[in-house]
Amino acid sequence: MAQPEKTKLVTPVSLAVDAVLCLACFVYLYGVNRSHVPSTDPKMIMIWGAATSACMTGVFWLCVQMFRVVFRAQREAKRK
């Protein structure tokens with residue numbers, strides 16, 4: 001039985017790209033979410049805007065990882 005070729009799935013470049021994308025997503029979502037916080041206290045607006053944006057950024061990160069996996073699988077399926 002032939003052994004599958006081992007390749008690195010995570011590289012420093014992919015980590016850096018993911019970090020930049022997630023940071024950009026967080027900043028964008030924070031800008032959108034802070035106007036929807038039902039408070040006039042700037043501290044509460046910052047806390048709840050950041051908490052909501054952090055959760056949504058986590059979902060974005062999962063989507064990016066799933067996109068990478070599916071894209072890689074489709075690319076390898078074409079080769080065979």
Side-chain angles (χ1 to χ4, degrees):
M1 183 175 217
Q3 292 293 329
E5 179 181 310
K6 288 190 177 185
T7 58
K8 284 182 110 176
L9 300 177
V10 179
T11 63
V13 173
S14 69
L15 287 175
V17 169
D18 289 350
V20 169
L21 286 174
C22 286
L23 183 64
C25 179
F26 178 83
V27 170
Y28 171 73
L29 290 172
Y30 177 74
V32 171
N33 287 331
R34 72 178 172 184
S35 64
H36 295 283
V37 175
S39 177
T40 56
D41 183 15
K43 194 174 191 179
M44 286 295 127
I45 292 172
M46 186 173 61
I47 289 171
W48 290 108
T52 306
S53 299
C55 292
M56 295 171 86
T57 301
V59 172
F60 175 77
W61 178 81
L62 286 172
C63 291
V64 168
Q65 300 310 309
M66 292 177 77
F67 174 78
R68 285 183 189 271
V69 168
V70 170
F71 182 72
R72 185 181 187 107
Q74 287 179 343
R75 201 171 48 181
E76 287 179 3
K78 277 186 181 178
R79 290 184 193 166
K80 295 179 182 183

Set of side-chain contact (heavy atoms from CB on, under 4.5 Å) partners for Arg79, sequence neighbours left out: Arg75
Who are the side-chain contact (heavy atoms from CB on, under 4.5 Å) partners of Val59, not counting sequence neighbours? Cys63
Can you give me the closest heavy-atom contact between Phe26 and Ala50, atom names plus distance? CE1-O, 3.5 Å
Grouping ILVMFWY residues whenever side-chain heavy atoms fall under 4.5 Å, the cluster of Met66 otherwise contains none
Result block: side-chain N/O donor-acceptor pairs under 3.5 angstrom for residues 12-20, not counting sequence neighbours:
residue	atom	partner	partner atom	Å
Ser14	OG	Thr11	N	3.0
Ser14	OG	Thr11	O	2.9
Ser14	OG	Thr11	OG1	3.4
Asp18	OD1	Arg68	NE	3.3
Asp18	OD1	Arg68	NH2	2.6
Asp18	OD2	Gln65	NE2	2.9

Listed partners of Glu76 passing side-chain contact (heavy atoms from CB on, under 4.5 Å), at least two apart: Arg72
Connected to Val32, directly or through other members, by ILVMFWY side-chain contacts below 4.5 Å are Tyr28, Leu29, Met56
How would you list, by chain and number, every residue that makes a side-chain contact (heavy atoms from CB on, under 4.5 Å) with Ile47, sequence neighbours excluded? Lys43, Met44
Scanning both residues in full, the closest heavy-atom pair of Tyr30 with Gly49 reads CD1-C, 3.5 Å
Using salt bridge (charged side-chain N to carboxylate O under 4.0 Å, His left out) as the criterion, list what pairs up with Arg34, not counting sequence neighbours. none
Is there any side-chain hydrogen bond (donor to acceptor under 3.5 Å, both in side chains) pair reaching into residues 47-63, and which pairs are they, with sequence neighbours excluded? Asn33-Ser53
ILVMFWY cluster membership beyond Leu23 - transitive side-chain contacts under 4.5 angstrom: none
